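These notes concern the structure reproduced below.
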Amino acid sequence: EGTTAIADGAVKNAAVKTVTLPATLVTIGINAFEGAGIVEVAIPASVTSIGIGAFKDCKALSKATLSKGIDVINTAVFSGCAALSEIAIPESVKVISADAFANCIALTKVSMPAVEKIEKYAFSGCSLLQKVTIPSSVQSIGHEAFSNCTNLTEIHFRADMQATIEALVGYDSKWGATNATIYFDL
């Protein structure tokens, strides 16, 4: 109670399975929980900053609930969270940074209603991801944002998204989605 920040690397590689974050928490440091054994985390609404790699390689993390207080999902925050199967990104989030969910091999469902920018490799290696809907708010998608998503079969775009369409050039190699059907929704 009363804690406003978790220091960089504070719980790194710890065997702890349960974490309860206080409602007073504002900042989660760089690599704060990297490699820890946590199974579930709920980020309180008070949190405005999650550091680079904060939950990276938390192999047992199967559920992460994000708060409406954050506007950026930082680089590699959930990278390598092999058990994470779905993520609902709050409307407050405008940027999904590079490698944010890279190699989340169990990820099957992503909801990102108001994202404006998806950076390079953001979802690369999410091999169970089957369907992606790119919201009309998206202005840019980085190089290989969905590379090696080998089960990706549906990609939905808004029809007038020039930046997104340009990102599809050579999508077989960039997206790794050779069996995907691309839909340009009106």
Side-chain angles (χ1 to χ4, degrees), residues 28 30-35 43 49-59 61-64 66 70-185:
I28 299 173
I30 296 170
N31 303 111
F33 294 93
E34 180 182 358
I43 310 293
S49 175
I50 302 174
I52 294 170
F55 297 96
K56 181 179 180 183
D57 294 329
C58 289
K59 304 287 185 204
L61 184 63
S62 61
K63 184 176 182 185
L66 300 176
I70 58 172
D71 60 357
V72 174
I73 297 177
N74 238 325
T75 302
V77 166
F78 293 103
S79 178
C81 292
L84 189 63
S85 62
E86 68 179 70
I87 192 76
I89 298 169
E91 287 191 23
S92 60
V93 173
K94 303 303 177 202
V95 178
I96 300 174
S97 297
D99 298 299
F101 297 97
N103 300 311
C104 290
I105 58 174
L107 193 64
T108 59
K109 186 175 181 183
V110 176
S111 168
M112 48 183 158
V115 169
E116 295 174 0
K117 183 177 185 181
I118 302 170
E119 293 186 353
K120 64 183 181 179
Y121 309 112
F123 294 95
S124 71
C126 295
S127 55
L128 292 183
L129 191 60
Q130 295 176 354
K131 178 182 175 183
V132 173
T133 300
I134 306 298
S136 60
S137 56
V138 169
Q139 298 169 11
S140 69
I141 297 177
H143 183 70
E144 298 192 34
F146 295 91
S147 64
N148 298 312
C149 293
T150 53
N151 283 304
L152 190 58
T153 57
E154 286 185 39
I155 306 166
H156 290 262
F157 292 95
R158 191 182 81 215
D160 62 347
M161 294 177 66
Q162 283 300 318
T164 301
I165 294 167
E166 289 168 12
L168 284 175
V169 175
Y171 87 94
D172 284 348
S173 62
K174 289 183 181 179
W175 289 63
T178 57
N179 296 318
T181 301
I182 300 166
Y183 298 92
F184 294 99
D185 303 326

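Source: prediction; values computed, not measured. Just so you know, these numbers use all the heavy atoms, side chains as well, and skip hydrogens, waters and symmetry mates.
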Problem - Test log, rule side chain to side chain contact (heavy atoms under 4.5 Å, CB included), inputs V132 and V110 - result: CA-CA 7 Å; V132 173; V110 176; over 6 Å; no
Sub-4.5 Å side-chain heavy-atom contact between [X] and [Y]:
{"X": "M112", "Y": "I134", "result": "yes"}
{"X": "I89", "Y": "F101", "result": "yes"}
{"X": "P135", "Y": "P113", "result": "no"}

[atom1]/[X] to [atom2]/[Y] distance, rounded to the nearest 0.5 angstrom?
{"X": "I73", "Y": "T75", "atom1": "CD1", "atom2": "OG1", "result": "11.0 Å"}
{"X": "E119", "Y": "I96", "atom1": "CD", "atom2": "CD1", "result": "9.5 Å"}
{"X": "I28", "Y": "I50", "atom1": "CD1", "atom2": "CD1", "result": "5.0 Å"}
{"X": "K63", "Y": "S85", "atom1": "NZ", "atom2": "OG", "result": "10.0 Å"}
{"X": "D71", "Y": "S92", "atom1": "CG", "atom2": "OG", "result": "7.0 Å"}
{"X": "L61", "Y": "K56", "atom1": "CG", "atom2": "NZ", "result": "15.0 Å"}

If you compare all heavy atoms of [X] against all heavy atoms of [Y], which two are closest, and at what distance to 0.1 Å?
{"X": "V115", "Y": "S137", "answer": "O-OG, 2.5 Å"}
{"X": "P90", "Y": "L66", "answer": "CD-CB, 3.7 Å"}
{"X": "C58", "Y": "G35", "answer": "SG-N, 4.0 Å"}
{"X": "E91", "Y": "K94", "answer": "O-NZ, 3.1 Å"}
{"X": "A106", "Y": "L128", "answer": "CA-CD1, 3.9 Å"}
{"X": "S97", "Y": "V72", "answer": "OG-CG1, 3.6 Å"}

Exercise for the section: Using salt bridge (charged side-chain N to carboxylate O under 4.0 Å, His left out) as the criterion, list what pairs up with K59, not counting sequence neighbours. Expected result: D57
Exercise for the section: Apply side-chain hydrogen bond (donor to acceptor under 3.5 Å, both in side chains) to N103 and list each qualifying residue two or more places apart in sequence or on a separate chain. Expected result: none
Practice task
For N151 and Q130, indicate whether the former's side chain and the latter's backbone hold a donor-acceptor pair under 3.5 Å.
Solution key: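 No: the side chain of N151 does not pair with the backbone of Q130.
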Problem - Sidechain-backbone polar pair: S147 side chain, E144 backbone, donor-acceptor under 3.5 Å - result: yes
Handout entry: Whether over 12 other heavy atoms sit under 6.0 Å from K120 NZ
Key = no
Handout entry: L152 vs F123, side chain to side chain contact (heavy atoms under 4.5 Å, CB included): CA-CA, chis, key distance, verdict
Key = CA-CA 11 Å; L152 190 58; F123 294 95; over 6 Å; no
Handout entry: Residues which pass ring pair (Phe, Tyr, Trp, His ring centres under 6.0 Å) with Y121, listed by chain and number, not counting sequence neighbours
Key =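 Checked Y121 against ring pair (Phe, Tyr, Trp, His ring centres under 6.0 Å); zero matches.
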